[in-house]
Amino acid sequence: MAYYPGCSLNATGIEYNISAKAVAKHLGLELWEIPDWNCCGASAAHSTNHLLGLALPARNLAIAEKEGLDVAVPCAACFSRMKAAEMAVRQSPDMKQTINELIEMTYNATNHTRNLLDVMANAVGIETIAEKVVKPLSGLKVAAYYGCLLVRPPEIAQFDDAENPMSMDRIIEALGGTPVEWSFKVECCGAGHTTALPEAAAPMLHNIFRNAAENGADCFAVACPLCFLNLDMRQSEIKKKYSAGYNLPVFYFTELMGLAFGYAPKDLGLNKHFVNPMPLLDSKEILRHPSARREEA
């Protein structure tokens with residue numbers, strides 16, 4: 001399967017890239033990184049120029065299509081833009097011709113864009129993931145956070161339930177953890193507003209932290225580098241602003257998979273997190289082999 005890491009996974013979300021490649025290889029999923037890939041323009045292109053917002057991701061999809069490959073996309077924002085380009089070309093011959101002229105390549109949208117979470121949950125499969133677990137996430141209560149782009153709009157994403165997605169919850173359960181029921185799993189975290197409109201973004205983050213904590217979560221699992229950065233980096237800022245005692249580590253779902261598969265934290269990039277996850281993992285004895293755990297000794 002072709003793999004499109006996007007800009008974030010080579011910079012602020014590098015631990016997502018590291019853990020995604022590690023667990024994919026562990027599961028026998030071969031990821032072929034698209035050569036000479038370009039930015040999909042997710043941050044701004046589609047809001048400034050509609051055609052540019054479609055042509056940028058279409059070029060990457062065209063390279064994968066030439067190899068006869070579907071594309072796995074870890075970033076929710078990249079995934080949304082690439083699905084939009086795929087649908088635009090598939091639904092309109094005129095748009096297809098316009099985009100092909102712009103990218104100077106042939107793109108017929110015969111291949112499919114899939115979010116990496118979808119690939120893991122439905123192509124690899126929950127049973128296969130469970131079979132690889134050697135260090136179950138016993139006792140870890142996880143708020144699966146999907147954010148606003150991963151499964152919406154449903155006519156574009158075509159993946160999971162738009163209001164109550166469960167793909168990540170099922171993976172957490174297969175890893176031995178406990179997915180908590182909470183109310184903000186698809187609410188926007190305000191990552192796009194934190195710089196320009198911080199007063200609007202702060203309450204959005206605070207509501208997410210508060211609801212997760214009130215429902216007993218020890219941590220978050222995410223599938224988007226922008227959501228991860230916002231929840232992880234700005235948690236101390238929100239704690240001060242609202243005098244709240246949140247201390248909720250944030251994990252990419254691929255990091256949780258890697259831990260359960262027996263990988264060391266440093267091999268998954270956990271040392272790069274702002275909220276240190278090690279005290280939580282130590283308190284749950286997740287890094288200890290099950291046969292050596294205190295309750296089983």
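Values below: all heavy atoms of this structure, side chains included; hydrogens, waters and symmetry mates excluded.
Judged by distance alone, the side chain of Arg234 and the main-chain N or O of Ala202 form no donor-acceptor pair under 3.5 Å. Trp182 contributes a side-chain N or O that, together with a main-chain N or O of Ala144, makes up a donor-acceptor pair within less than 3.5 Å. Remark: side-chain polar atoms of Lys185 are paired, donor with acceptor, to backbone N or O of Pro165 under 3.5 angstrom. Not a single donor-acceptor pair under 3.5 Å links the side chain of Asn111 to the backbone N or O of Val71. Under the 3.5 Å distance criterion, the side-chain polar atoms of Asp160 are matched with a main-chain donor or acceptor of Ser167. Checking side-chain atoms of Asn108 against main-chain N and O of Thr110 turns up no donor-acceptor pair under 3.5 Å. With hydrogens and angles disregarded, no donor-acceptor distance shorter than 3.5 Å links the side chain of Glu255 to the backbone of Phe251. Side-chain atoms of Lys239 come within 3.5 Å of backbone N or O of Tyr246 as a donor-acceptor pair. A distance-only check finds no donor-acceptor pair linking the side chain of Glu33 to the backbone of Ala2 [under 3.5 Å].
Counting heavy atoms from C-beta on, the side chains of Thr128 and Leu27 come closer than 4.5 Å. Using a 4.5 Å cut-off on side-chain heavy atoms (C-beta onward), Glu187 and Cys148 make no contact. In this structure, Lys25 and Leu29 have side chains that are not in contact, with every pair of non-hydrogen atoms separated by 4.5 Å or more. Within the 4.5 Å cutoff, the side chain of Val250 has heavy atoms near those of the Gln235 side chain. Side chains of Leu175 and Met257 form a contact here, defined as non-hydrogen atoms less than 4.5 Å apart. Annotation: side chain of Leu205 is in contact with side chain of Asn230 (closest heavy-atom distance under 4.5 Å).
In this structure, CG in Leu54 is found 4.5 Å from CD1 in Ile99, a value given to the nearest 0.5 Å. In this structure, the separation between OH on Tyr3 and CD on Glu30 is 14.0 Å, given to the nearest 0.5 Å. Rounded to the nearest 0.5 angstrom, Asn115 CG and Tyr146 OH are separated by 11.0 Å. How far CG of Asn17 is from OG of Ser8: 10.5 Å, rounded to the nearest 0.5 Å. Note: Glu65 CD to Asp70 CG = 10.0 Å, rounded to the nearest 0.5 Å. Atom-to-atom distance recorded for Leu117:CG and Phe159:CZ is 4.0 Å, nearest 0.5 angstrom.
Taking both residues in full, the closest heavy atoms of Phe261 and Ile129 are given as CE2-O, 3.6 Å, listed atom of the first, atom of the second, then distance. Residues Cys219 and Leu280 approach most closely at CB-CD2, 3.8 Å, considering heavy atoms. Of all heavy-atom pairs spanning Asp169 and Val180, the tightest one is OD2-O, 4.2 Å. Minimum heavy-atom separation, Gly139 to Lys284: O-NZ, 3.1 Å. When all heavy atoms are compared, the tightest approach of Gly176 to Pro136 is CA-CB, 4.3 Å. Here the closest non-hydrogen pair linking Cys224 and Tyr16 is N-CE2, 4.3 Å.
When each of Asn276, Val275, Leu270 is tested with His273 by the rule side chain to side chain contact (heavy atoms under 4.5 Å, CB included), just one qualifies, namely Leu270.
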Per-pair distances, 0.1 Å, donor-acceptor, side chain in residues 74-89, under 3.5 Å, sequence neighbours excluded:
from	atom 1	to	atom 2	distance (Å)
Lys83	NZ	Glu86	OE2	3.4
Lys83	NZ	Gln158	OE1	3.3
Glu86	OE1	Thr113	N	2.8
Glu86	OE1	Thr113	OG1	2.9
Glu86	OE2	Arg90	NH1	3.0
Glu86	OE2	Arg90	NH2	3.2

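Using a 4.0 Å cut-off between charged side-chain N and carboxylate O, Arg170 and Glu173 make no salt bridge. Using a cut-off of 4.0 Å between Lys/Arg side-chain N and Asp/Glu carboxylate O, Arg59 and Asp36 are scored as salt-bridged.
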Please walk me through it: do Phe253 and Leu116 pass side chain to side chain contact (heavy atoms under 4.5 Å, CB included)?
-> CA-CA 10 Å; Phe253 77 99; Leu116 186 64; 4.3 Å; yes

Test side chain to side chain contact (heavy atoms under 4.5 Å, CB included) applied to Ile63 and Trp37, step by step: CA-CA 8 Å; Ile63 297 172; Trp37 59 263; 5.9 Å; no

Between Leu287 and Met278, is a side chain to side chain contact (heavy atoms under 4.5 Å, CB included) present by the stated rule, with each step listed? CA-CA 9 Å; Leu287 303 179; Met278 296 310 296; 3.3 Å; yes

Assess the residue pair Leu256 and Leu137 against the criterion (side chain to side chain contact (heavy atoms under 4.5 Å, CB included)); give the C-alpha distance rounded to whole Å, side-chain angles, the decisive distance to 0.1 Å, and a yes or no.
CA-CA 8 Å; Leu256 292 178; Leu137 308 182; 4.0 Å; yes

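No hydrogens or angles considered: a donor-acceptor pair under 3.5 Å links the side chains of Asn215 and Asn211. Between the side chains of Asn38 and Tyr4, no donor-acceptor pair is found at a separation under 3.5 Å. Between the side chains of Thr106 and Asn100, no donor-acceptor pair of N or O atoms lies under 3.5 Å.
In this pair, His26 and Tyr263 present their aromatic rings perpendicular. The plane angle is above 60°, beyond the 30 to 60° band.
Within 6.0 Å of NZ on Lys141 lie no more than 12 heavy atoms contributed by other residues, nucleotides or ligands. Crowding of Glu101 atom CD: a count of heavy atoms from other residues, nucleotides or ligands under 6.0 Å exceeding 12. Under a cut-off of 6.0 angstrom, the local environment of CD in Glu181 is sparse, with at most 12 non-hydrogen atoms contributed by other residues, nucleotides or ligands. Applying the 6.0 Å contact sphere to CD of Glu127 captures no more than 12 heavy atoms from other residues, nucleotides or ligands.
Taking the six-membered ring wherever Trp is involved, the centroid distance between the rings of Tyr252 and Phe228 falls below 6.0 Å.
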